[in-house]
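Working notes, structure below.
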Amino acid sequence: MPELPEVEFTARQLRALVLDATIRDVQIFWERTIGTPDAPTFRALIAGQRILQVRRRGKYLLFDLGRADTPELVMTLHRRMTGNLYLLPPGWEIDAQARTANPAAWSTRGPDFRYSAPDSGQDAPVLVREEEASYYDPAELSHCRVCFDLLDGRRLLFNDPRKFGRIELWPADREDEALAGLGPEPLSTDFTVDVLSSRLAGRKGPIKTVLLAQETVAGLGNIYADEALFLARIHPLRPANSLSAEELSRLHAAIVSVLGMAIEYGGTTFSGYRGLQGELGENYDHLKAYYKAGDVKHCFRCGSPIASQVIAQRTAHFCPQCQTL
DNA sequence: ATTTAGACCTGTCAGC
DNA sequence: TGCTGACAGGTCTAAA
């Protein structure tokens, strides 16, 4: 679900809220969410670790962990399609009560959860901080796969209905191995037109498909690849190695601006994406090309309805007038 | 060497 | 109201 802007927004929230917190223990409700090491080892390693820093690389969230001031471990978290992190204030209880009365169903579905606020009987929305009107809707938290219990009583939940998300723990000095294959960071100053150009050289597949590959540029997904191509007026089916110097320059600028704007608006929510405290991203209304089903947009340049077409199993959105082959 | 279909998963929504 | 099928922000693997 989340692409670079949504992950970056969450990383910034985490830096403001959980830096220096200590992880007391972890509850793992869906073992496959833990990629490596195996769940018991993961649990043993992480107990007592302090969160020294939170970073982002591509669509990965990185937690630097250590018992003292030196990072020992790096925890990588990838949300894939539906993963969200929620920070619960102290006092919230996890009532691991199966929705189904049949315990045998747990092995395939995993248990479903009910959350109760500190003041019992209170239903969502629950006001957490009055000035921000943030809230948690317990209905949104019913797919908890992993729960980090912090020493101060707060809980960091990884909620992930489709179970595609992955959390891994690596020795700090093997971070490169954990993130192998990721291309350049599009918001770093190292990401120049020349870098983009060299990444596309020799790739004759459709530019849309090449942009989605994380080794080309890290962090672009279906929404922002479409947005960038729309702004740059490049048809998604253009062979990646066929772009002119001017088109490369436009695409580079479009990638940077599209991602930057989305971060400003807290990411794009069209259904499931939420911030750490349940906030909705406000970028959907600022998208120019991407739309959810039944909600067609029109090109702001020429007024044509935005077209959609499946390219390499993903739906691409573009203006058929402004983005020609 | 690429491209593509299938897996992994559950929820939601449109249409009948 | 209920069923069926299509579709969803991602990525890996095996087969063509």
Side-chain angles (χ1 to χ4, degrees), chain A residues 1-10 29-36 57-61 76-85 99-100 105-113 137 139-145 158-168 178-183 200 202-228 237 239-241 258-259 262-263 265-275 280-284 287 289-296 308-317:
Chain A
M1 135 211 298
E3 305 179 29
L4 185 152
E6 291 75 30
V7 181
E8 176 63 27
F9 189 74
T10 304
F29 300 110
W30 185 254
E31 293 207 359
R32 296 190 60 170
T33 298
I34 306 297
T36 185
R57 175 81 172 94
K59 300 173 190 172
Y60 286 89
L61 214 44
T76 68
L77 187 153
H78 196 306
R79 293 147 77 168
R80 297 284 177 91
M81 291 288 267
T82 56
N84 272 320
L85 282 170
R99 181 195 296 170
T100 167
W106 285 29
S107 58
T108 53
R109 292 182 55 82
D112 289 305
F113 298 88
D137 176 356
E140 283 183 8
L141 305 181
S142 60
H143 298 87
C144 180
R145 307 308 177 196
F158 183 62
N159 194 69
D160 184 22
R162 290 180 73 179
K163 302 175 178 169
F164 290 163
R166 291 293 178 268
I167 303 174
E168 300 186 343
L179 302 174
L182 284 187
L200 300 182
R203 308 289 304 267
K204 61 192 188 110
I207 182 67
K208 169 70 190 288
T209 308
V210 173
L211 285 181
L212 287 179
Q214 299 300 292
E215 71 256 26
T216 308
V217 176
L220 289 178
N222 209 32
I223 293 178
Y224 300 110
D226 281 356
E227 290 296 307
L237 284 176
N241 62 359
V258 149
L259 295 175
I263 295 170
Y265 286 114
T268 300
T269 296
F270 66 75
S271 64
Y273 164 73
R274 296 292 184 276
L280 308 181
E282 294 175 350
N283 194 235
Y284 181 74
L287 296 179
Y290 190 96
Y291 58 85
K292 52 190 174 187
D295 194 14
V296 178
S308 69
Q309 179 183 344
V310 175
I311 299 172
Q313 280 101 249
R314 309 299 300 278
T315 304
H317 308 77

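Quick note on labels: first sequence line is chain A, next is B, and so on, each numbered from 1.
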Nucleotide nearest His143(A) when distance is taken to its side chain, options dG11(B), dT11(C), dG9(C) = dG11(B)

Proximity to the side chain of Arg162(A) - top-ranked nucleotide from dA8(C), dT11(C), dT4(B) = dA8(C)

P atoms of dC13(B) and dG9(C), separation to the nearest Å | 15 Å

Would you check if Phe164(A) stacks with the base of dT11(C), given a 5.5 Å centroid limit and a 30° plane limit, both strict?
-> no

Both distances under 3.5 Å, Watson-Crick or G-U wobble: report the partner of dG9(C), or none.
-> none

If you measure from the P atom in dC7(C) to the same atom in dA5(B), how many Å do you get, rounded?
-> 14 Å

Distance between the P atoms of dG5(C) and dG6(B), in whole angstroms?
-> 16 Å

Touch class at under 4.0 angstrom, heavy-atom based, for Arg32(A) against every strand present = sugar-phosphate

Using distance alone, with no hydrogens and no angle criterion, decide if Tyr291(A) and Asp226(A) have a side-chain donor and acceptor under 3.5 Å apart.
-> no

So does Thr315(A) get a side-chain nitrogen or oxygen closer than 4.0 Å to the phosphate oxygens (OP1/OP2) of dA8(C)?
-> yes

Where the side chain of Arg80(A) is defined as all heavy atoms beyond and including C-beta, which of dG10(C), dG11(B), dG9(C) is the nearest nucleotide?
-> dG10(C)

Interatomic distance, NZ@Lys163(A) vs CZ@Phe29(A), rounded to 0.5 Å, equals 13.5 Å

Taking the side chain of Tyr290(A) as its heavy atoms from C-beta onward, which of dG9(C), dT3(B), dC9(B) lies nearest to it?
-> dG9(C)

How close do Ser308(A) and His317(A) get, heavy atom to heavy atom, and via which atoms?
-> CB-CD2, 4.1 Å

With the side chain of Glu3(A) defined as its heavy atoms from C-beta on, choose the nearest nucleotide among dA5(B), dG9(C), dC9(B).
-> dG9(C)

Quiz item: Ser271(A) side-chain donor-acceptor pair to dG9(C) base, under 3.5 Å = yes

Could you work out which one of dC8(B), dG10(C), dG9(C) sits closest to the side chain of His78(A)?
-> dG10(C)

Can you tell me if the side-chain N/O atoms of Lys59(A) get under 4.0 Å from OP1 or OP2 in dT11(C)?
-> yes

Modelled atom types, side-chain donor and acceptor of Thr268(A) and Tyr290(A), under 3.5 Å = no

Compare side-chain N and O positions of Lys163(A) against OP1 and OP2 of dC8(B) and report whether any pair is under 4.0 Å apart.
-> no

So CD1 of Ile34(A) and CD1 of Ile167(A): to nearest 0.5 Å the spacing works out to 5.0 Å

For dG10(C), does either OP1 or OP2 sit under 4.0 Å from a side-chain N or O belonging to Gln214(A)?
-> no

